[in-house]
Amino acid sequence: MSGHPVSVSDDATGDATGDAIGAAVRAAFRRAGVPLCDAEVAPLARALHRLQPSPVSDARQPMRDTFDAAQAAADFAAALRRHA
Amino acid sequence: MNDTLDLPATLAGLNAALRCGDFTPAEALAEQRRRCVRNDRAWHALIDIAPPREADGVSCNAATLGPLAGAALAHKDVFDIAGRTPTCGMTSGSYAGARGGNDADPASDRVPQQDAAVLAALARAGAHYAGSLCLAQLAGGSTAENPALPRPINPLDARAAVGGSSSGSAVAVAGDLCYASLGTDTAGSVRIPAATCGLIGLKTTSGAVSTAGVMPLAPSLDTVGVIARNALDTALVFLCMSAARQAALPDPLELQQRLATASPRLAVTIDDTQIDSAVGAALSDFADRVATCTEARVAMLPHNAPFPEWSRRAQLMLHAEAARIHLPRLRMRADDPLPAPLAGVLTPGVALPEPWYHAALDERPRALDDAISLLFGHADMLLTPALPCPIPDWDIVYTGMPRFAARTLFALHRHTAWVNYLGLPAVVFPIGRDAAGRPLSAQLVGRPYAELALVALVHQCERDGLADTAAHMRTASSQPLPDTLDGSGFRTRHA
């Protein structure tokens, strides 16, 4: 883990969940090639925690190669037509 | 040509006046251009005004007038215009022209070769492109905040916030720059600005209107919508922009009759824990009056629908797709930092685990099945608040201002984002005023492709004095059109 402590609450002292999500955030930005400054990590960790307060391991799951976005869109369009 | 042409207050009225020969389309267009430039000095909605095209000067035969003939409409600056790249609200720095979308490189500054499909459809109905309107940067925000542009002013109350991201569209219609305007709605970006300016805002069914040539924010959620002053104009623009190339165009008078005859069943949900008491009271009162005054049959819906969960998934999808669309620009941010509101939309998507996004997409058809069963098992449409609170002062919802309140900002899309996740159509419209005199608006949500049924109920509410659209109307739009117009075309007198 690198950088300052991260908290998923407004507590600046850090916590285990915040630190773990913070590490995942840093890793994700590194993988994507997007610059990230240290001050952004805590707000991003809190935003992710608000979006899905699930186990931190979730935040480190790899991409699913088998996911078919076009099929998902087609399925949803069909559902819309079915309910028209 | 008259220096101050007395134009009707609505598109339908304009069409009637043109058919009666009160003035020519060229005269009407010239007057609208004058108003657009003059009125914008007060409201700051315009990014630029379009040069007249050759067709602007052609006078039309009344028998062949399209339903939008003589109408100069300005739109959110996310639509391709042949020869002009939309700014998408990014007017300076290395993000300028970051249109995203259709190109292999989403940050390409390519010049479009043709108009966006919706603008081409409006042109087939006779509409002219008047200019481009301001927005939150890259259409990513619930307010008008855009550090690159002057702050647009709410014509109803200069201290009141203007919602976003289609802020310029709402200000332009409320401030009499144009009759109606197109915006885009990914989580409420047509409905929130319309509600803050006391207008009607229509979000269309996912996929019902082409997004070809429109800057994407989150393609799974993006829709094109309409902001207008009354229900008839809203329906008119919607039908024109969604009409297939060879389809018959709507006749305003026939459309008015069609809107007047709907008889919907209405479910009402008011979650008192999620909304301000003034909003809840206005909605309850409105539901009572609708049951009494219109053909609608009203029933209270037990509040057991998972609106917060649907909203959460909408946010997941929005962040993930917006980050993906604008990833090339995000990689340049060390040299050109993102403004705070835009960073709040784009950066969470970089860090967001793919499985969360995939789960939200996977669950969408099943969520729609559940929603249809829960919300529309015994009703045709659902009534909710448009906003959870009265319209705040603008500096409450602008980041960086001393009075900025993040919770108020985040709450603005509480009742709108879940609708995009489910892909449903919705319309917001004013139903009353708060203690400060600012509009309070309701939202009607319908089954897929039920746009006209939703607008029909709003039309009936206008007719019966239940929808408070009068603030923007110099002429009562809910009155029948002049009897000089019928469906067959040209008549000789306009009342």
Side-chain angles (χ1 to χ4, degrees), chain A residues 3 6 8 10 18 20-84, chain B residues 205-208 219-220 312-313 315-316 318-321 323-324 326-335 337-338 340 343-344 346-369 371-373 376 410 421-425 446-450:
Chain A
V6 174
V8 289
D10 290 331
I21 298 179
V25 166
R26 288 188 182 91
F29 271 70
R30 204 163 39 244
R31 278 197 305 274
V34 176
L36 176 72
C37 63
D38 223 34
E40 290 180 298
V41 176
L44 279 169
R46 284 196 285 273
L48 258 61
H49 189 65
R50 271 198 308 272
L51 279 170
Q52 185 141 325
S54 58
V56 176
S57 57
D58 261 20
R60 289 175 169 159
Q61 285 181 31
M63 287 178 62
R64 182 154 48 116
D65 294 335
T66 55
F67 185 76
D68 187 342
Q71 187 59 50
D75 291 345
F76 185 62
L80 283 170
R81 286 193 296 273
R82 195 168 62 244
H83 290 299
Chain B
T205 305
S206 180
S220 299
R312 188 188 67 81
R313 294 182 197 169
Q315 289 175 61
L316 276 173
L318 191 157
H319 289 310
E321 295 187 7
R324 188 170 300 178
H326 294 291
L327 194 58
R329 296 291 179 181
L330 281 163
R331 287 175 174 148
M332 297 159 50
R333 65 195 293 250
D335 300 322
L338 288 171
L346 298 186
T347 53
V350 177
L352 204 143
E354 289 272 336
W356 297 5
Y357 169 61
H358 292 165
L361 270 180
D362 273 341
E363 288 295 320
R364 211 175 174 202
R366 192 194 330 232
L368 178 61
D369 292 344
I372 295 293
S373 170
F376 304 119
F410 295 152
Y421 179 67
L422 299 175
L424 300 172
R447 285 172 169 268
Y449 309 104

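Order of the sequence lines sets the chain letters (A, B, ...), proteins ahead of strands, with each chain counted from 1.
Here the shortest heavy-atom pairing between Pro35(A) and Arg331(B) reads CD-O, 3.8 Å. Nearest heavy atoms, Tyr421(B) versus Phe76(A): O-CZ, 3.7 Å. Of all non-hydrogen atoms in Arg447(B) and His83(A), the two that sit nearest each other are NH1-O, 3.3 Å. Here the shortest heavy-atom pairing between Val350(B) and Ala28(A) reads O-CB, 3.7 Å.
When heavy atoms are compared at a cutoff of 4.5 Å, Glu40(A) approaches chain B solely by way of its side chain, counted from C-beta outward. For chain B, the nearby part of Arg82(A) is the side chain; its heavy atoms alone come within less than 4.5 Å. Contact of Ala73(A) with chain B is not made at all, since no heavy-atom distance falls under 4.5 Å. Within the 4.5 angstrom heavy-atom criterion, atoms from both the backbone and the side chain of Leu316(B) approach chain A.
For Arg312(B) (side chain) and Leu51(A) (main-chain N/O), a donor-acceptor pair under 3.5 Å exists by modelled atom type.
Between chain A and the residues Arg313(B), Gln315(B), Arg364(B), the largest count of heavy-atom pairs under 4.5 Å involves Arg364(B). Ranked by heavy-atom pairs under 4.5 Å with chain A, the first of Gly423(B), Ala208(B), Gly344(B), Pro448(B) is Pro448(B). Most heavy-atom pairs under 4.5 Å with chain B: of the set Leu44(A), Val25(A), Leu36(A), this distinction falls to Leu44(A). Interface summary for chain A: among Ala343(B), Ser206(B), Ala323(B), the most heavy-atom pairs under 4.5 angstrom belong to Ser206(B).
Here the straight-line distance linking atom CZ of Arg366(B) with atom CG of Asp75(A) works out to 11.5 Å at 0.5 Å rounding. Within the model, atoms CG of Leu368(B) and CG of Leu80(A) stand 5.5 Å from one another, a figure rounded to the nearest 0.5 Å.
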